[in-house]
Amino acid sequence: QVQLVESGGGLVQAGGSLSLSCATSGRTFKSYTMGWFRRAPGKEREFVAAISKSGGNIDYADSVKGRFTISRDNAKSTVHLQMNSLKPEDTAVYYCAADREGGGWPSSREYTYDYWGQGTQVTVSS
C-alpha cells in the first residue's frame, strides 16, 4: 500500500503564492504518474495538474495554466505544486494522487488514480 501525505496548504491573499508537497511511501514512486486534484466547497473534485513518471510530460487544467507548476523529485519520492497568482476561486482542498499504470501522457481522470492523500486546505482571501 502506498501512502501519500500532502503539506504546504494554508491561507494566502489573492495574488500570493503557495507551494504544496506530497511525500510518498514505498520504493516505486518513479513508476507512478502523479497528479494533483482539488475540491472546492460545494463542487466536485477536479483535475489540476499531472506529471508523467519521468517528468517529461505534464498536463494542466486550463484554469491553472501559466500560474501553477507541477514537478517531481524521484530521488526523494516527492511531487510538488507551485501555485502563483492565486485567486479566491483556487480555494479548495488539494489532493495528491498516484497512478500505478501511468503511460506516456499523464491522465487527468480521477478514476485512473489508485492512491490518494488526505488532502490539504488552500484558502485564498480576496
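None of these values were measured; they are calculated from a predicted model. Note: hydrogens, waters and symmetry copies are ignored here, and every other heavy atom, side chains too, is used.
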Note to self: Among W116, Y111, Y94, which residue satisfies the ring-ring contact (aromatic ring centres under 6.0 Å, His included) criterion with F37?
What the structure shows: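 Looking at W116, Y111, Y94, the match for F37 under the ring-ring contact (aromatic ring centres under 6.0 Å, His included) is W116.
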Any side-chain to backbone donor/acceptor pair from [X] onto [Y]? Under 3.5 Å, distance only.
X: R72; Y: G55; result: no
X: N57; Y: S52; result: no
X: Y60; Y: I70; result: yes
X: S77; Y: T24; result: no
X: N74; Y: K53; result: yes
X: R39; Y: Y95; result: no
X: T123; Y: T91; result: no
X: E6; Y: G119; result: yes
X: T69; Y: Q82; result: no

Next item on the list: Would you indicate whether the side-chain heavy atoms of D99 and Y32 approach each other to under 4.5 Å?
Entry: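 Y32 vs D99: side chains apart.
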Check: Mind checking whether F29 and K76 have side chains closer than 4.5 Å, heavy atoms only?
Finding: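 When only atoms from C-beta onward are counted, K76 and F29 do not touch, as no gap falls below 4.5 Å.
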Next item on the list: Consider only side-chain heavy atoms of I, L, V, M, F, W and Y, link residues closer than 4.5 Å, and tell whether L81 and V64 are in one cluster.
Entry: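 Yes, because L81 and V64 connect within a single hydrophobic cluster, where side-chain heavy atoms sit under 4.5 Å apart.
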Notebook entry, point to check: Hey, are D90 and K87 close enough for a salt bridge, meaning a charged N less than 4.0 Å from a carboxylate O?
Noted result: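 Salt bridge flag = no for K87 with D90.
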Item checked: Evaluation steps, side chain to side chain contact (heavy atoms under 4.5 Å, CB included), between L4 and M34 -> CA-CA 11 Å; L4 288 71; M34 299 299 296; 3.9 Å; yes
